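Here the structure is laid out as structure tokens; the discussion comes afterwards.
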Amino acid sequence: MKKYLITFGLGTKWRGKCVVITAIDEDKVREYVYDKYGQWNVAAVYDYETYKRIIDKYNYEIIEEINL
């Protein structure tokens with residue numbers, strides 16, 4: 001299992017928010033966020049451990065944390 005950080009595009013209603021997902025692989029993460037939030041809204045999928053610092057840097061609000 002690996003932890004992922006998902007951010008959203010500037011022109012979306014989820015701007016300034018992010019989602020943290022633990023899953024077996026990135027494909028499961030993408031499938032989940034695309035189904036729930038819409039593919040056009042997702043800006044990026046990051047490795048959480050490498051990029052978790054951007055949550056504080058950009059003052060992101062974590063709107064969901066889930067294990068798949």
Side-chain angles (χ1 to χ4, degrees):
M1 299 291 273
K2 187 173 177 181
K3 208 170 194 179
Y4 297 88
L5 172 64
I6 294 79
T7 60
F8 299 99
L10 296 177
T12 73
K13 69 180 183 178
W14 293 287
R15 176 185 183 182
K17 297 173 175 43
C18 65
V19 175
V20 177
I21 299 175
T22 303
I24 192 101
D25 61 32
E26 190 173 324
D27 290 338
K28 295 284 186 201
V29 171
R30 288 183 185 279
E31 180 181 346
Y32 177 82
V33 294
Y34 290 172
D35 287 348
K36 184 163 185 179
Y37 299 99
Q39 183 174 354
W40 58 91
N41 293 316
V42 175
V45 177
Y46 300 99
D47 171 71
Y48 179 83
E49 293 305 321
T50 304
Y51 289 95
K52 65 185 174 186
R53 70 188 185 293
I54 70 172
I55 294 171
D56 290 332
K57 181 177 181 178
Y58 297 111
N59 199 30
Y60 283 135
E61 174 190 350
I62 299 172
I63 57 172
E64 182 177 12
E65 288 189 61
I66 189 169
N67 293 321
L68 299 180

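Only a predicted model underlies this, so the values are computations on that prediction, with no experimental measurement involved.
Take Glu31 and apply the salt bridge (Lys or Arg N to Asp or Glu O under 4.0 Å) test, not counting sequence neighbours, and it matches no residue. Scanning for salt bridge (Lys or Arg N to Asp or Glu O under 4.0 Å) contacts around Glu26 gives Arg30, with sequence neighbours left out. Applying the salt bridge (Lys or Arg N to Asp or Glu O under 4.0 Å) rule to Asp47 yields the partners Lys2; only residues at least two apart in sequence or on another chain are considered. Every side-chain contact (heavy atoms from CB on, under 4.5 Å) that Ile24 has, sequence neighbours left out, goes to Met1, Lys28. Every residue was checked against the ring pair (Phe, Tyr, Trp, His ring centres under 6.0 Å) condition with Tyr48, not counting sequence neighbours, and none meets it.
Shortest non-hydrogen contact noted between Gly9 and Ala43 is N-CB, 3.6 Å.
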Next item on the list: Show your working on side-chain contact (heavy atoms from CB on, under 4.5 Å) between Glu64 and Lys36 and close with a plain yes or no.
Entry: CA-CA 11 Å; Glu64 182 177 12; Lys36 184 163 185 179; 3.3 Å; yes

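Applying the under-4.5 Å side-chain rule to Ile, Leu, Val, Met, Phe, Trp and Tyr, the cluster around Tyr37 extends to Tyr4, Ile6, Phe8, Trp14, Val19, Ile21, Val29, Tyr32, Val33, Tyr34, Val42, Val45, Ile63, Ile66, Leu68.
Contact check for Ile54 versus Tyr46: side-chain heavy atoms found under the 4.5 Å cut-off.
Taking SG of Cys18 as the start and NZ of Lys52 as the end, the distance is 13.0 Å to the nearest 0.5 Å. One distance of note links NZ of Lys17 with OG1 of Thr12; it measures 9.0 Å at 0.5 Å rounding.
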